[in-house]
There are 2 protein chains.
Amino acid sequence: MMHVEHVQAQKLFSIGDLAEEHSISPRTIRFYEDQGLIAPSRIGGARIYTARDRARLKLILRGKRLGFSLADIKELLDLYDTDRSQVTQLQATLKKGRQRIADLEQQLRDLTVTLEELREIEGDVLHLLGSKGTTDKN
Amino acid sequence: MMHVEHVQAQKLFSIGDLAEEHSISPRTIRFYEDQGLIAPSRIGGARIYTARDRARLKLILRGKRLGFSLADIKELLDLYDTDRSQVTQLQATLKKGRQRIADLEQQLRDLTVTLEELREIEGDVLHLLGSKGTTDKN
DNA sequence: AAGGTAGTTGACGTATACGTAATCCGCTCT
DNA sequence: AGAGCGGATTACGTATACGTCAACTACCTT
């Protein structure tokens, strides 16, 4: 942690903090910044991350776990950031958001089917191992 | 379709058939074969795909939609192909299968959360658009 | 026989997502 | 003062997943 704990309560993080917390490299975080996914403020040259920046990073990583490209994730983040006063913007957001929802619903179906199949295999394998005299709980 | 419809009932496919059906290029299918994900038989030099090969391709593409790498997908396919007579193999399959299940369950949680957030945004946007006098069903 | 269509194997090119130095501050600690 | 640490930029390297020719073959169709 940065040496600011008792200075302010606003919880700030260094790039190293976030890297370690999420088991990624600082290089990765800088790359995300290069791609416009996150924009920390600076103190001198050093990047300084607020709790909001950290939440954004978590969103990025969740997107990655879902198999999104960084470009996809950028669009996703833009949905959260939409200017709520511009009707045209809102309409674009709605359209993109609905497309993303449809994609995720497809992914949900794929996921469900795959999980079912894997669980079936697990059952089969357990049954086979049992009938072969193995008593293994591993 | 290949010109075999009335010759036999076993449904065979050319690489072009499968490519078109799944909106991918023949090059992609050949690449999957290079990576050991699929192994069609040959007639002369030409690849010939059975219904089983086609099902395998569908599994590959489903894996891709879930964001798996081709290496991951190969392991997944290996789970289906496990030799049911080798206890050691079965135990390895069980272990890998359970790991995969755990990963997918994490993905399921990520997916659920993301869907919830997007639907909430959709609701917000709809409400905002409504209060701004727009009556749009698009 | 000639042309068109679909397939084959290389081989090289490319976008994405970082890894890996190399080199250079700025700060703290002894 | 000097060493060490964390962070910065710049630049080149790399694995994955194909795209894109090129050059050739086999099979119809006209």
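Convention: sequence-line order gives letters A, B, ...; per-chain numbering from 1. Model, not experiment: these values are computed from the prediction.
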Over how many whole Å does the gap from [X] atom [atom1] to [N] atom [atom2] extend?
X     : N      : atom1 : atom2 : result
A/D17 : D/dC5  : CG    : C1'   : 14 Å
A/D34 : D/dA8  : CG    : P     : 12 Å
B/I60 : D/dC18 : CD1   : P     : 10 Å
A/Y49 : D/dG7  : OH    : C1'   : 10 Å
A/R42 : D/dG7  : CZ    : C1'   : 10 Å
B/F13 : C/dG7  : CZ    : C1'   : 18 Å
B/R30 : D/dG19 : CZ    : P     : 11 Å
B/I48 : C/dA6  : CD1   : C1'   : 12 Å

Q: Mind checking side-chain contact (heavy atoms from CB on, under 4.5 Å) for A/K95 and listing every partner two or more places apart, or none if nothing turns up?
A: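 Counting only residues at least two positions away or on another chain, A/K95 forms no side-chain contact (heavy atoms from CB on, under 4.5 Å).
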
Anything under 3.5 Å between a protein N or O and an N or O of nucleotides 15-20 of chain C, put it in a table, one pair a line.
unit_1: C/dA17; atom_1: OP1; unit_2: A/L70; atom_2: N; d: 2.8
unit_1: C/dC18; atom_1: OP2; unit_2: A/Y32; atom_2: OH; d: 2.9
unit_1: C/dC18; atom_1: OP2; unit_2: A/K64; atom_2: NZ; d: 2.7
unit_1: C/dG19; atom_1: OP2; unit_2: A/S25; atom_2: OG; d: 2.6
unit_1: C/dG19; atom_1: OP2; unit_2: A/T28; atom_2: OG1; d: 3.1
unit_1: C/dG19; atom_1: N7; unit_2: A/R27; atom_2: NE; d: 3.3
unit_1: C/dG19; atom_1: O6; unit_2: A/R27; atom_2: NH2; d: 3.0
unit_1: C/dT20; atom_1: O4; unit_2: A/R27; atom_2: NE; d: 3.0

Q) Do side-chain atoms of B/D34 reach the backbone of B/F31 as a donor and acceptor pair under 3.5 angstrom? A)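 No, because the side chain of B/D34 does not come within donor-acceptor range (under 3.5 Å) of the backbone of B/F31.
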
Q.
In the structure I gave you, are the side-chain heavy atoms of B/L94 and B/L90 within less than 4.5 Å of one another anywhere?
A.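 No, side chains not in contact.
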
Q. With a 4.5 Å limit on heavy-atom distance, are the side chains of B/I29 and B/R47 in contact?
A.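 No, their side chains stay 4.5 Å or more apart.
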
Q | Quiz item: cation-pi between B/R56 and B/Y32, 6.0 Å / 45° | A |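 Ring-cation test returns no.
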
Q) Under 4.0 Å: is that the gap between some side-chain N or O of B/R47 and OP1 or OP2 of C/dG7? A)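 No, because none of the side-chain N or O atoms of B/R47 sits under 4.0 Å from OP1 or OP2 of C/dG7.
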
Q.
OP1 or OP2 of C/dA6 versus the side-chain N and O atoms of B/S14: is any pair under 4.0 Å?
A.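 For C/dA6, OP1/OP2 do not have a side-chain N/O of B/S14 under 4.0 Å.
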
(Q) For the CZ atom on A/R52, are there more than 12 heavy atoms of other groups (residues, nucleotides or ligands in this structure) within a distance under 6.0 Å? (A)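 Atom CZ in A/R52 is not crowded, with 12 or fewer foreign heavy atoms closer than 6.0 Å.
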
Q) Charged N to carboxylate O under 4.0 angstrom, A/R100 versus B/E122? A)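 Salt bridge between A/R100 and B/E122, a charged N being under 4.0 Å from a carboxylate O: no.
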
Q.
I need the single residue from B/K58, B/R62, B/R65 that forms a salt bridge (Lys or Arg N to Asp or Glu O under 4.0 Å) with A/D110. Which is it?
A.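 Single salt bridge (Lys or Arg N to Asp or Glu O under 4.0 Å) partner of A/D110 among B/K58, B/R62, B/R65: B/R65.
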
Please write out the pairs of protein N or O atoms and N or O atoms of nucleotides 24-26 of chain C separated by less than 3.5 Å, giving the distance to one decimal.
none

Q: Using distance alone, with no hydrogens and no angle criterion, decide if A/D103 and A/Q107 have a side-chain donor and acceptor under 3.5 Å apart.
A: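 No, no side-chain donor-acceptor pair sits under 3.5 Å.
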
